Amino acid sequence: MTIKPKSKDYFDYPTIQGVRDVSSDKYIVDPIKSSIGLPYIKILYASTGFGKNYASWMKVCPWWFKSGGGQLFIMVSPFLETLSKREIQDYIDESLTKEHIYARTYFNGDDYSLYDVQHDLSNGKNVIMTFTDSSLINKMKDKTFIEILTKYGKKSMTIRDEISYGMTSCQANTQNNTGWSYQFYKAAYFKNFVKLLEMGSEVFGLTATPTREQLEELKSKNADYRIINTMPSKAELVMNQKWWNSVTTTDYTPDDYSDINILKNEIKLGLDTLSVKERKLSNLFDECNYLDTNNKLTMMVSLQTAAGNKPKFTISRFEEMLRQFPSEFGDRYKGKTYIVTTSDIGWVEYDFYGNETGQGDKRGDAWLDVMNDSNSSVRLLIVLQKGQYGINIPSLSYGISFKDSNSKTKDTDDTVRTSSKQFIGRFIRTNLGQSEYDLFKKLSDDFGTERGREYLQLKNTFDFRAVDGPRNFWRDSLEEYKEYGNSWDDFVGYFYESK
């Protein structure tokens with residue numbers, strides 16, 4: 001039996017990108033255009049990796065300025081990592097230039113005067129502004145910013161990335177919406193968007209994990225949420241995703257965490273899996289006069305905080321493990337490094353003996369650039385909370401979560417699985433761009449379909465493991481993920497045919 005792609009067009013990257021563009025128009029751009037004027041916080045719901053942010057910058061922003069009647073475009077995120085100045089500037093340069101549109105951009109963290117923004121708008125110029133939620137809170141206290149919104153609110157569009165994060169409308173809904181009871185929750189982020197809505201801005205939110213308020217299972221306070229699109233089907237997502245090889249729960253539980261060998265064996269399995277895949281990727285090009293200049297693959301591990309008395313797999317336990325087994329880590333993975341990033345310490349890079357390498361600015365999002373640098377030695381990212389949102393690392397090929405959750409709603413006694421869906425969502429961002437599809441075509445043409453197919457499997461698949469507790473938090477999460485997440489076998493059935 002032989003296999004071949006179902007269509008020769010599948011070798012053509014522009015065709016693949018065209019498939020993605022049709023989907024983004026259908027599920028992101030067109031719903032935005034058709035909902036202008038609706039007095040809600042309007043939600044766009046699609047899987048991680050679908051291209052919600054990409055469509056916002058590449059299609060929605062230029063449309064707003066050219067045809068939508070807009071003059072001010074605002075992008076807000078709870079996380080600095082999703083407001084990469086370099087990435088956004090690249091999007092703007094390409095999308096606005098193509099439409100012969102000029103806009104002055106004021107980036108989050110830039111040193112500028114709001115009088116300059118006011119002056120640009122008064123002279124008829126288009127303006128783009130980016131904010132974290134925290135910086136937007138400060139701006140909303142500024143008289144000049146309020147004057148800008150008062151005058152130009154109806155010509156403004158605001159898009160909030162990761163709209164599920166921190167956007168419960170009131171304290172009374174917190175446990176039923178998030179699974180946790182926050183006694184002093186004040187809905188500060190949410191109130192910003194209520195104010196923007198009241199001042200005439202078209203307010204949209206992007207998410208892969210809408211909350212119960214956003215699904216309208218709970219009544220929100222002061223402003224209504226409305227999901228304005230339908231969720232793309234699993235088949236429509238297949239060319240936008242990285243495909244899973246295996247996603248499983250472990251045969252141990254958090255009650256077994258006193259045994260450090262569990263941590264050791266899991267980390268070794270992940271690192272060894274990466275090493276084997278990287279070596280196989282290199283071997284695919286042994287007979288070629290071309291090569292893949294970026295065969296780096298990475299993994300991400302979610303550890304626990306130190307709170308509580310039960311044995312946990314924390315950062316300090318991880319460091320203890322490295323000291324206890326130097327021959328299995330420091331000696332075995334010599335020349336490779338890992339990064340720890342937390343809200344408290346920022347980020348630090350270590351070798352596998354547990355020694356700091358001297359790299360790391362402690363603050364900011366430069367660690368993302370290091371993870372995505374094909375020439376860096378970093379292969380492992382350790383996170384506590386940061387792994388849930390704001391991470392775009394296409395090379396992620398292996399994941400482990402040692403964190404269970406006891407979150408539950410008060411009214412239904414069900415777990416709230418937003419954090420788990422967001423975490424696994426970090427792994428499904430595609431690792432295939434135009435250069436990878438070009439290599440895939442060359443390998444298939446020069447050495448046959450099987451060689452090309454092996455390249456895709458090594459380059460764009462991942463394995464994931466998670467511990468499960470008595471409430472089946474991860475088991476239920478992974479079952480839900482499989483409803484929209486495509487496996488390698490799903491992709492093969494979509495892309496290839498047998499003869």
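For reference, positions follow the sequence shown, starting with 1. Please read all numbers here as calculations on a predicted model, not as lab measurements.
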Worksheet item: After noting the C-alpha distance and the side-chain angles of F50 and Y484, does the key distance pass the ring-ring contact (aromatic ring centres under 6.0 Å, His included) rule?
Response: CA-CA 11 Å; F50 184 71; Y484 62 86; over 10 Å; no
Worksheet, complete the sentence: Partner of S376 under side chain to side chain donor-acceptor pair (under 3.5 Å), picked from K336, E349, K296, is K296
Should the ring pair [X] and [Y] be called parallel, tilted or perpendicular, given that the plane angle runs from 0 to 90° and is split at 30 and 60?
{"X": "F440", "Y": "Y437", "result": "perpendicular"}
{"X": "Y106", "Y": "Y112", "result": "tilted"}
{"X": "Y54", "Y": "Y91", "result": "perpendicular"}
{"X": "W474", "Y": "F464", "result": "tilted"}

Are [X] and [Y] within salt-bridge range, i.e. N to O under 4.0 Å?
{"X": "E480", "Y": "K421", "answer": "yes"}
{"X": "E213", "Y": "K219", "answer": "no"}
{"X": "K52", "Y": "D161", "answer": "no"}
{"X": "D414", "Y": "K408", "answer": "no"}

Discussion item. Tell me which one of F352, Y353, Y350, Y338 satisfies ring-ring contact (aromatic ring centres under 6.0 Å, His included) with Y333.
Written reply: F352
Practice prompt. Show the numbers, then the answer: is there a ring-ring contact (aromatic ring centres under 6.0 Å, His included) between F427 and Y398?
Written response: CA-CA 8 Å; F427 297 87; Y398 200 96; 8.6 Å; no
Item to complete: In sequence, state the C-alpha distance, the side-chain angles, and the governing distance for S164 and T209, and then conclude on side chain to side chain donor-acceptor pair (under 3.5 Å).
Response: CA-CA 6 Å; S164 65; T209 53; 3.2 Å; yes
Side-chain heavy-atom pair [X], [Y] within 4.5 angstrom cut-off:
{"X": "D411", "Y": "L218", "answer": "yes"}
{"X": "M199", "Y": "I146", "answer": "yes"}
{"X": "Q422", "Y": "E162", "answer": "yes"}

Indicate whether any N or O donor in one side chain lies under 3.5 Å from an N or O acceptor in the other, for [X] and [Y].
{"X": "S477", "Y": "S420", "result": "yes"}
{"X": "T415", "Y": "R417", "result": "yes"}
{"X": "E236", "Y": "S233", "result": "yes"}

Item to complete: For T357 and D351, run side chain to side chain donor-acceptor pair (under 3.5 Å): C-alpha distance rounded to whole Å, both residues' side-chain angles, the deciding distance at 0.1 Å, then the answer.
Response: CA-CA 6 Å; T357 65; D351 63 26; over 6 Å; no
What's the separation between atom [atom1] in [X] and atom [atom2] in [Y], rounded to the nearest 0.5 Å?
{"X": "F462", "Y": "Q241", "atom1": "CZ", "atom2": "CD", "value": "8.5 Å"}
{"X": "T341", "Y": "I382", "atom1": "OG1", "atom2": "CD1", "value": "11.0 Å"}
{"X": "I424", "Y": "L396", "atom1": "CD1", "atom2": "CG", "value": "11.5 Å"}
{"X": "Q89", "Y": "T105", "atom1": "CD", "atom2": "OG1", "value": "5.5 Å"}
{"X": "T144", "Y": "Q118", "atom1": "OG1", "atom2": "CD", "value": "6.0 Å"}
{"X": "T337", "Y": "I339", "atom1": "OG1", "atom2": "CD1", "value": "6.5 Å"}

Practice prompt. State yes or no: are the ring centers of Y225 and F193 separated by less than 6.0 Å?
Written response: no
Worksheet entry | F73 ring center near W57 ring center (under 6.0 Å) | yes
Give the minimum heavy-atom separation between [X] and [Y], together with the two atoms involved.
{"X": "M58", "Y": "S95", "value": "O-CB, 3.5 Å"}
{"X": "T298", "Y": "I393", "value": "OG1-CG2, 3.8 Å"}
{"X": "A188", "Y": "I137", "value": "CB-CD1, 4.2 Å"}
{"X": "R429", "Y": "I391", "value": "NE-O, 3.4 Å"}
{"X": "Y27", "Y": "T230", "value": "CD2-O, 3.0 Å"}
{"X": "L72", "Y": "W64", "value": "O-NE1, 3.2 Å"}

Worksheet, complete the sentence: side chain to side chain contact (heavy atoms under 4.5 Å, CB included) test vs N176 passes for just one of T409, T168, T412, namely T409
Worksheet item: Given the rule in the side-chain contact (heavy atoms from CB on, under 4.5 Å) test, do I159 and M157 qualify, once you have shown the distances and angles that lead to the verdict?
Response: CA-CA 7 Å; I159 296 182; M157 176 183 290; 4.2 Å; yes
Acceptor/donor pairs from residues 38-45 side chains to any protein atom, 3.5 angstrom cut, sequence neighbours excluded:
residue: Y40; atom: OH; partner: R226; partner atom: NH1; Å: 3.1
residue: K42; atom: NZ; partner: S35; partner atom: O; Å: 3.3
residue: K42; atom: NZ; partner: L38; partner atom: O; Å: 3.2
residue: K42; atom: NZ; partner: E202; partner atom: OE1; Å: 2.4

Fill in: Geometric cation-pi criterion K482 and W244, 6.0 Å radius, 45° cone
yes
Discussion item. Taking atom OH as the centre, does Y165 end up with more than 12 heavy-atom neighbours from other residues, nucleotides or ligands that are less than 6.0 angstrom away?
Written reply: no
Worksheet item: Looking only at atom types and distance, does a side-chain atom of K155 sit under 3.5 Å from a main-chain N or O of G69, one as donor and one as acceptor?
Response: no
Discussion item. Determine whether Y182 and Q175 satisfy the following criterion, side chain to side chain donor-acceptor pair (under 3.5 Å), listing intermediate values before the conclusion.
Written reply: CA-CA 7 Å; Y182 299 103; Q175 182 158 356; over 6 Å; no
Fill in: With sequence neighbours excluded, residues passing salt bridge (Lys or Arg N to Asp or Glu O under 4.0 Å) with K221
none
